[in-house]
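Just below is one structure, and these are the notes that go with it.
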Amino acid sequence: MPYLSIAVGELQTNAYVFYHAASRGCLVIDPGAEGEKIIARIDGEKLLPRAVVLTHGHADHVGAVSALIARFRIPLWVHEADADLMRGPANREFAAMFGVGLPPAAGRLLADGDTLAVDDLALRVIHSPGHTPGSILLHGDGLLFTGDTLFKDDVGRTDLPGGDEAELRRSLAKIKLLPPLTVILPGHGPSSVLEQELRSNPYL
Ligand SMILES: [Fe+2]
């Protein structure tokens with residue numbers, strides 16, 4: 001499978017690198033902290049980052065965005081509904097708690113249905129509000145990057161600012177429609193497969 005998974009920071013956020021095996025082009029997803037560690041993996045695999053993409057704007061998913069942007073001179077992409085939250089006062093406090101910085105303003109605002117291409121590979125943006133208003137799923141090549149919308153046997157909390165339990169339920173319903181063998185790659189904790197989650201995850 002064409003991705004790297006790197007657990008970073010105090011909350012062990014899963015940073016992912018989705019890459020094209022031949023061209024080495026890649027997207028860096030949720031670089032939450034420990035920029036040097038992520039950069040070392042990218043350099044070690046001789047990958048060529050094209051952009052940083054966020055599944056949502058929370059501080060534990062954005063802490064190393066600035067380091068990656070500085071090193072690779074790439075843009076930051078985030079859903080339009082999390083662009084303000086990402087740089088807002090609540091997130092600033094949250095970031096200070098983890099000793100990380102906030103990212104610069106996004107270079108591209110994403111919307112449902114957008115396609116993020118890496119040569120002839122692509123991830124489709126599925127808007128999945130609930131954990132935050134601008135949470136997204138990234139789906140492609142048999143993979144689903146779920147951020148904090150869906151975890152193995154669990155879902156993301158909806159009690160933080162902008163969270164909405166009813167919206168989260170509607171977002172989970174979109175996941176159920178995907179092919180059962182889709183690999184689930186959450187923002188925290190172990191990976192899974194959709195058919196397994198349909199059996200064991202009480203929220204599905
Ligand atoms: Fe989160």
Side-chain angles (χ1 to χ4, degrees), residues 3 5-18 27-35 38 52-68 76-106 109-112 116 123 125-139 143-172 174-175 184-192 197 201-204:
Y3 71 89
S5 172
I6 309 157
V8 295
E10 218 174 297
L11 296 186
Q12 290 290 283
T13 302
N14 291 322
Y16 293 102
V17 181
F18 175 72
L27 299 174
V28 182
I29 301 169
D30 289 355
E34 300 189 74
I38 299 170
V52 174
V53 191
L54 302 178
T55 61
H56 64 295
H58 277 157
D60 57 320
H61 293 250
V62 308
V65 169
S66 294
L68 279 143
L76 169 63
W77 301 344
V78 65
H79 189 276
E80 52 197 354
D82 265 16
D84 290 339
L85 170 152
M86 176 179 82
R87 287 160 52 79
N91 222 36
R92 186 169 303 281
E93 239 172 77
F94 192 18
M97 240 165 60
F98 297 125
V100 299
L102 291 185
L109 298 180
L110 303 174
D112 188 61
L116 313 181
L123 293 175
V125 173
I126 303 173
H127 187 207
S128 61
H131 177 65
T132 64
S135 284
I136 56 173
L137 310 164
L138 295 166
H139 181 230
L143 307 175
L144 185 70
F145 298 93
T146 59
D148 290 1
T149 297
L150 178 70
F151 302 121
K152 181 170 175 52
D153 297 329
D154 202 358
V155 292
R157 54 195 288 188
T158 53
D159 60 335
L160 294 170
D164 186 314
E165 202 182 323
E167 283 203 300
L168 183 73
R169 270 198 299 274
R170 284 193 287 276
S171 295
L172 295 172
K174 296 183 186 177
I175 295 178
I184 303 293
L185 298 168
H188 302 270
S191 62
S192 187
E197 289 310 294
N201 190 319
Y203 299 93
L204 292 180

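Every number for a ligand or one of its atoms is a count from 1 in the order of the listing.
Relative ring orientation between His127 and His79 is described as parallel, the plane-to-plane angle staying below 30° on a 0-90° scale split at 30° and 60°.
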Legend entry - side-chain contact (heavy atoms from CB on, under 4.5 Å) between His188 and Asp60, intermediate numbers included: CA-CA 10 Å; His188 302 270; Asp60 57 320; 3.1 Å; yes
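In summary, of the residues considered (Leu68, Leu76, Val53, Val8), a side chain to side chain contact (heavy atoms under 4.5 Å, CB included) with Pro31 occurs for Leu68 alone.
For the side-chain hydrogen bond (donor to acceptor under 3.5 Å, both in side chains) test, residues two or more places apart in sequence or in another chain that qualify with Asn201 are Glu197. Every residue two or more places apart in sequence or in another chain was checked for a salt bridge (charged side-chain N to carboxylate O under 4.0 Å, His left out) with Glu167, and none qualifies.
Around the Fe ion (ligand 1), protein atoms of type N, O or S found under 2.8 Å number 4.
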Can I get a per-line list of side-chain donor-acceptor pairs under 3.5 Å for residues 85-101, giving both atom names and the distance, sequence neighbours left out?
unit_1	atom_1	unit_2	atom_2	d
Arg87	NH1	Pro103	O	2.9
Asn91	OD1	Ala59	N	3.2
Asn91	ND2	Gly57	O	2.8
Asn91	ND2	Met86	O	2.9

